[in-house]
Structures are given as C-alpha cells and as structure tokens.
> 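Please see the structure below; I have some questions.
Each chain gets a letter, A, B and so on, in the order the sequences are listed, and its residues count up from 1.
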Amino acid sequence: MSELHLNDQELVRRGELEELIRHGINPYPADAFPVSHSSTEIRQGFESNPEAFTEISLAGRIISRRIMGKASFVEIQDAQGRIQAYLNREEICPPDSTFLYDEFFKKLISLGDIVGVKGGVFKTQTGEISIRVKEFTLLSKALRPLPVAKEKDGVVYDAFSDQEQRYRMRYVDLIVNPHIKEAFIQRTRLVNTIRQYLNEKGYLEVETPILQPIYGGASARPFKTHHNTLDIPLYLRIANELYLKRLIVGGFDGVYEFSKDFRNEGMSRFHNPEFTQIELYVAYQDYLWMMDLVEEMIEKVAIALHGKPEVQVGDHLISFKRPWKRLTMTQAIKESTGINIDASDEETLRTAALAAGVEVTAEMGKAKIIDEIFGAKVEPYLIQPTFIMDYPVEMSPLAKTHRNKPGFVERFEAICNGKELCNSFSELNDPIDQRKRFMDQLELGQRGDEEAMVLDEDFLRALEYGMPPTAGLGIGIDRLSMIMTNSHSIQDVLFFPQMKPEKNITATPEETNTDSNIPAEWLKVIESLGLKYPEGLKGYNPNKLFNEICGANKKGKFGLTPPSRETVHHWVEKAGEVTPS
RNA sequence: GAUCUCGUAGCUCAGCUGGUAGAGCAUUUGACUUUUAAUCAAAGGGUCAUGGGUUCGAAUCCCAUCGAGAUCACCA
C-alpha cells in the first residue's frame, strides 16, 4: 500500500512511530511482558482482598483516554474485558524529566495501541476500581485508527456496525464489539460439550480425507481441484459419511468427526460454502436409538450454554428438554394439511398438493412431491424440536429400507425453529440394495440432476465385506450454533464468512480477457516446439508442456526464468478459451 | 440466479424539487491533578464506491459495473 493512500490519522501515527524510534523506544519490543492479572480478576477480586493487588501487571489495548492536565485516565481492554488505569505525571516520571508523561504518553501513544502497565489497584472518588500506574510500557503501536464507540448507560454510540466491514475485518469487529465474542465462545463450548459427551460414551474421534477422488455421502455440487503429481481431479468433500462407514466396516464400533465440508452452491444467511458438520456412526444400533442420543446430547448442549434447556431464539422460547415430539412424515403431513400420503398415489398427491398451494410440477415423482409439501407446509411451522421419522426411499439413497413400511426408509430429522437440525438413519448395509440405489442416482445424474450422487465402487466393495447394522447421524454445527446463540445469520457464528474479494474493479476490465496471458518470449519457446498458439495448446497436457518448454529453454539457450507449473496449467486453460484469430 | 434497498471524513450518519460537501465522535494544537459519552477553545481532514450519460452545473437524475444487506430461488 502506497503512502499516498494514507489518511491524516494514519500519517499522524506513522509520525509518532518515527518519533518513538528517534527517542530510542522500540514500538514493537521483543521482550515478554508477564501479566499477573486479567481485568476481570482485578475487578472481581479487589473488593474482598485489596492487599493482593498492590503489585500487579496487566496488558491490553487502549480503548479510551481522558487527559486532564497532569493526570489521565485510560481504559485498557484485555481478553476478558476493560479496566480503567490512572496515570499521574509525578508518579510515572523521574524527578528530572516529564518526558514519559508529557511526550511519550500524551503525544506518542494513541487509541488502539497495546500497552503494559504495572502498579497497584485502588478505587477512585467515583468508585471505579482502577490501576494506579507506576510503569507504563508500549508493547505494540497501532498504525490505523480504531473505530471506537462511546457508551453511556448501556447505550452505545457510533458503534462499528457496517456488516461488510465487520465481516471483512473481523479482527476489528472483535476489538470494538467485544460482545461479538460471546457467540464464538458459545460455539466452542457447544463443540466441546458434544465432544465430551461422545468421548464419554467411548466413541473415537477420527479424521478422514477432505480431498476426495470421488465425492459422496450427500447430494450437492462439489468444489473441484487438481492434484499435479497424480494428475487427477480431486474434490473437496461434501460429506465424510462414506469414509466413516468404511471405518465401521473396519471394526470400529463408534466413530465421529467434526468435519469441514464444502458445497459449491448458493449462499444465504443459512449457507456458507464451507461449513461444519459432525457425523457419528455407531455399530449395532438403529435410528430409534439414535433419536434418544440426539435428545440427550442436544439437551446437554443447551444446559452447558444457558444453564437450562430453554433457549430464546428470536421471538420463540425453544425448549430442548426431553422428550421431544416424534411424528412420522405421514403423521406430520396429515396433521398440518390433512393429506394422507400413504393412501395417495402420485396423481392424487399432486392434485392435493396443488390444492394446498404447494408448487409441484409434472416431472416430480411421489417422493419429491412429499418433500415439497413437507418443506412448504410443515417444516417452517415446527418451532419446538420435533423428530420427523420415516422418509420416502427415493430421497435417501444411503438409508436402510424401513423394517415394516415398504417404500420408506428408517430415517429421521430433528426440526427446530423451522429448520433441519440433524439428519439420521439406520444405515443401509445391504451392498446389493446400495448398488441399486446408486444406479438410480446415476440415472438422475444422466437426466441432468447436478446433485445426484456418484457411484463409489470402493465404498460398495467395503459394504460387500460386511458392515454391521449401524446408526448414523449428521448435525450441522453452524445451524445448531445459530439456534443456541440466537444468531440471525450464519455469518455471525463464523469468524471469517466467505465474501467476494473486496479489491476495487480495474479501470479497464475488458483488458483482462485479451488474447493471451503467455508472455511473448515464452510464446517463442512454445513455437520453437512446433506448437501453434492457441489451437495447438487446446487439450495439451500442461505437465508435458511444462517439461518441454523448460527443456527447450535450457537447450535453446533462451535464458528465461521458468514459470511455475501452475502458471503453465493456467496458460493451457486460457488457450482453450481463446478462439483462433 | 431474481427482486428490492444501500455505498458521503477513521467511525456513525445528515445533505430537500440538481447550484462546487455538513454534524457528533475520532485526529491535531492549547487549558485542566480523581475523570468516565470528561469538559472548554481553536484547527485540519472528502476521487461523495467506480465508469459513462443528461445538464451551463450532478453526492443528488439516468445507464452500466463493483461491493454489501434483506427477501426469494437453490440447498435433503
């Protein structure tokens, strides 16, 4: 960033920086600054035991400052909170010089600087517990002004509230809006609670591949990437289900993983391209057993976070107290709409759906129509946690066929606040049935469904070796965090939500897709190989090209610095898009 | 992807039917030894998201682009 773009406040701070250095003060000292107390420890402990606070040290960021001649008050914010410090010229300066106060503290220290103080704790005339500073150390100089807000009687004025800036510069958001931290701390507490619960049951936390040659376990569009050495496409996982089941085949009887998954789909306040799920698989259990586990576990989470099973979410007070309501899909739809999906064939159902105002089309099969009715007429109205059980088989290619209800699978979702909270089934372990379900998916894929599952031959091989009957579960951790922290958007429970790049548009956007990114000198090398640009590069193996041009460069004594393999890949890609002139 | 709304100082925001930019906080300078949205006095600070157009004249009207938010679509 060039100096030309600095605003007046940034220039002032850089001036202060130079001035500090001129006075021999390192603005970024290497020395450790041992901290004896946090702001919270001081505020909570001082009243009952003042003697323990005569010699303390504390470090943090200057968040506000009131200079009153020879005395000053600063508010210092550490990881726990804020505390006031009192500085007096005579107390921090040696008798022969007022530099430390008049120059260093007053002129060269700014809001946002990180400082360390040593001194004793006392109470001011207005009754505020404060640190009487004897030693004042600069620990890190801030070169940008902090968007500090002021507060009185609980009302915050001029808070840093621009959502775009808050998400793009979460570090600033966390400094000036400390309450934002709370949701993130709760999220971690939530994860820890689940982890502890599952560990106590003896299940093994495992790690499985994020880069997968075949993506599976869910219906979604993946992110695709490429491995150069193997020269194969790889996908970022959309789920880890099929890997965890392989581990069940391998003889583990309970495995789980907190899994960052990636889906190349739309974004909304409920969707981020990367998100976290926990998946759990337990051998010799079924979905009914899993329902009990979910109830117990989520109730524990609510209590761990709020001290009670009730959580205020928007306008609703949601109770996670066991037991939760349980309904079959059939019952739920019947209750809400009067439609009996069991007794209806596809056409009757379509007519009934249309009559109820659900948008269904002629291409939709019975299962899809049921899904549409449920999504439009039932799910949004389920506020208190509710289990919906037994889904149509077509929508659940990895779930086991229902033990006594043909056409359905042993699957449940917990719905809460109108959204899916988790998804679970008795896992399909019949390899022949599983192959058939994959084939059905393949057919969907050939008909253009971009989210249809792909066939995973190795997974089928694993099933053919025999997988015990298994109960499986997936919970969206971000969604659960949103509910548990009363957050309106997924961005409020992700430190760094995905955003479009912020850099301003270039002045001439058309120039970026001119004919070639290949520098002229390298075009010569390529031509010396007898390849014509761009048509000769179309479909050419980029790794081969890389080797050849590097070789030609050496032998032909072009004397050029070789490009990276990645760059060459890019050239080939680009060449494929260019039409020969 | 669609629709609507928004983008002005470091932050939060004004800026009318078009007439060359305002406030509070922050910043700088000065005063002030227990303040707490400290106070008092003065000063500086802007490519009005970007690029076009209409106009004598555009922050304001029109078009395009970029970015954000909301709703919808998509997403088991």
> When you measure from the side chain of A:K181 to the backbone of A:I175, do you find a donor-acceptor pair of N or O atoms at a distance under 3.5 Å?
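Between the backbone of A:I175 and the side chain of A:K181 there is no qualifying donor-acceptor contact (under 3.5 Å).
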> Stacking between A:Y391 and B:rA76, defined as ring centres under 5.5 angstrom apart with planes under 30°, is that present or not?
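Whether judged by distance or by angle, A:Y391 falls short somewhere, so it does not stack on the base of B:rA76.
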> By a strict heavy-atom criterion of less than 4.0 Å, which residues belonging to residues 162-171 of chain A are in contact with RNA chain B?
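When residues 162-171 of chain A is checked for heavy atoms under 4.0 Å from RNA chain B, the hits, listed by number, are A:D162, A:E164, A:Q165, A:Y167, A:R168.
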> State whether the distance check finds a donor on one side and an acceptor on the other, under 3.5 Å, for side chain A:R132 versus base B:rU34.
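Pair found.
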> Check every atom of B:rA37, B:rA76, B:rU28 against the side chain of A:P397 and return the nucleotide holding the closest atom.
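Nucleotide nearest to A:P397's side chain: B:rA76.
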> Using the side-chain hydrogen bond (donor to acceptor under 3.5 Å, both in side chains) rule, pick out the option among A:R65, A:Q9, A:E16 that qualifies with A:S110.
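Going through the options one by one, the only one that passes is A:E16.
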> Is there a donor and acceptor pair closer than 3.5 Å between the side chain of A:N88 and the base of B:rU33?
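Counting by modelled atom types and ignoring angles, a donor-acceptor contact under 3.5 Å is found here.
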> Are A:Y171 and A:D173 linked by a side-chain donor-acceptor pair shorter than 3.5 Å?
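No pair is found: no donor N or O on one side chain lies under 3.5 Å from an acceptor on the other.
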> Taking only side-chain N and O atoms of A:R66, does any of them lie within less than 4.0 angstrom of OP1 or OP2 on B:rA38?
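Yes, A:R66 has a side-chain N/O under 4.0 Å of OP1/OP2 on B:rA38.
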> What integer distance in Å separates A:E372:CD from B:rA76:P?
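To the nearest whole Å, that distance equals 12 Å.
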> Should A:R269 be listed as having a side-chain N or O under 4.0 Å from OP1 or OP2 of B:rU71?
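Yes, within the criterion.
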> Counting just side-chain N and O atoms, does A:K150 come under 4.0 Å of either OP1 or OP2 of B:rA38?
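Answer is yes, contact under 4.0 Å.
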> Check the distance between B:rA26's C1' and A:Q9's CD and give it to me in whole angstrom.
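The distance from CD of A:Q9 to C1' of B:rA26 comes to 5 Å, rounded to the nearest Å.
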> When only distance counts, do a donor and an acceptor, one from the side chain of A:T124 and one from the base of B:rU35, lie under 3.5 Å apart?
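Counting by modelled atom types and ignoring angles, a donor-acceptor contact under 3.5 Å is found here.
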